[in-house]
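First comes the structure, then the notes that go with it.
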Amino acid sequence: MGIRVKIEFLGGLDVISSGVREHKAVVPLEEGEATMKDLVEYVTHNIISDPKDIPVFIEDDTVRPGILVLINDTDWELEGQEEYVLESGDVFTFTSTLHGG
Amino acid sequence: MPEPKKIKVLALCELCHGRKAVMKRPKNLQKLCKECFYKVFETEIHNTITDAQLFQKGDKVAIGASGGKDSTVLASVLKLLNERYEYGLELVLLSIDEGIKGYRDDSLATVKRNQVQYQMPLEIISYKDLYNWSMDEIVSCAGIRSSCTYCGVLRRQALDRGAAKLGINHVVTGHNADDIAETVLMNILRGDTARLEKSTAILTQSSGSPIKRSKPFKYSYQKEIVLYAHYKKLDYFSTECTYAPEAFRGTARELLKSLESIRPSCIMDIIYSGELLVLAPKKKKTTRSYKNNKKISTGETEVNADGSVSLKRNEFKDGNTCEKCGYLSSNKICKACVLLAGLEMNRAKVSIEGNAAVDGAAKLGKTLEQLSF
Ligand SMILES: [Zn+2]
Ligand SMILES: [Zn+2]
């Protein structure tokens, strides 16, 4: 039960998770049924340490523009974005492109 | 038995048709594999450099290096292109130490690692040495609100002075297409048409300054720079400056990012619009303004079709120097000295009120700000 995944915050985005860049997580859903949308929701409720930081990550119910999302090191735009079906062992990388040039 | 796993249809690279695509280019929505992405990204920058004739063989060029992603990728790509295409450039890293505790210390450590990784000489110029003021001290004195203004003026001169010290007359910076589109947008929103011309120019030189500035990433998207740094595992530093950017720029940036998510080409489109808005008055150069018979001043630089600026070497409007610091300036006193003079008056006040420590000055800056209201 649950989908074992790795979640990374890079490019300064670790500010929303108390400075922790790498998280091992078990998404409490059945494999095959959970999508990227569920993962984003999981991150919002379980990983972001301060609720005040949620808008840094989410805007209009999706990942905020300016955050680059990679699924297993591939641009999520090639993986169906929010419709992507989660698999055990997946690595999700969220990188801020807005932080310090 | 569990259900058979759905077979994923992997998108293939649209260039080599052989490898798995890993990214989608915001510029043209092309899906590329890692190798083709590197090639396309680097070649575009090479084309930008050659089209605008940014460099000449034997040029000594300083890379304005902050340790952040843009300048780190710039150093890496310039080193690579310099070798691949035999530009014959001598590349140097030039960093500014603004004196911001907890921010610049770490980023300078990154630049020092870059120095080793890219085998380039490194020169660090500090505000404290140059102006006798660190950014932390300035913020504690002038408040956090205007910190970006101070920092912008001081950094520009510090980079110039650093380059001059090294005998270099060309500084390249990591400003990318997103930054330029953001500046165009801001100038339009503020009605600052005078600055539009400079904001899209790939090569600029302020009057009175012997130092050229150029932006080889003018047509490179932020997303691709970040992806390049990520896939190439480049060592960069990504903590935001402790002193937040001015609110207007921040809002313009958010607006641009929202627009980009709907229409990725908008970044190039805004730059393109900015360039054309610049060119329009040039065509009327010969037509006389009948209304007040005033000659329209177009400045001393000529803008090329691609937005670059042709420079006549060693042509300065005036050889004036600042009366206080001796630095080249079109006014009697240079901008930096004007700002610093204002600060000195405040520093006197602060020291009377008691010798407060100024490290991590944001806190004190806030209290001072409140006091003044
Ligand atoms: Zn390819
Ligand atoms: Zn001066």
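Hydrogens, waters and symmetry mates are skipped; everything else that's a heavy atom, side chains included, is used. Everything quoted here is computed from the prediction, not taken from an experiment. Residue numbers start from 1 in every chain, and the chains themselves are labelled A, B, ... in the order their sequence lines are given, proteins ahead of strands.
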- [ ] Heavy atoms only, distances under 4.5 angstrom: which of A:Asp75, A:Leu70, A:Asp14 has the most pairs with chain B? Name it, please.
- [x] A:Asp75

- [ ] For each of A:Thr95, A:Asp73, A:Ile71, tally heavy-atom pairs with chain B at distances under 4.5 Å, and name the one with the top tally.
- [x] A:Asp73

Checking [X] against chain A: side chain, backbone, both or neither under 4.5 Å from a heavy atom?
| X | value |
| --- | --- |
| B:Ser261 | side chain |
| B:His230 | side chain |
| B:Glu260 | neither |

Task: B:Asp70-B:Gln222 side chain donor-acceptor pair, cut-off 3.5 Å - done: yes

Open item on the list: So if I apply the side chain to side chain donor-acceptor pair (under 3.5 Å) rule between A:Tyr84 and each of A:Thr35, A:Thr74, A:Asp90, which one comes out positive?
Closed with: A:Asp90

- [ ] Tell me, please, whether B:Tyr221 has B:Lys27 positioned over its six-membered ring: NZ or CZ under 6.0 Å from the ring centre and within 45 degrees of its axis?
- [x] no

- [ ] Look at the aromatic rings of B:Phe41 and B:Phe217 and report parallel, tilted or perpendicular, splitting at 30° and 60°.
- [x] tilted

TODO: Output yes when a side-chain donor or acceptor of B:Asp136 lies under 3.5 Å from a complementary backbone atom of B:Lys101, and no otherwise.
DONE: yes

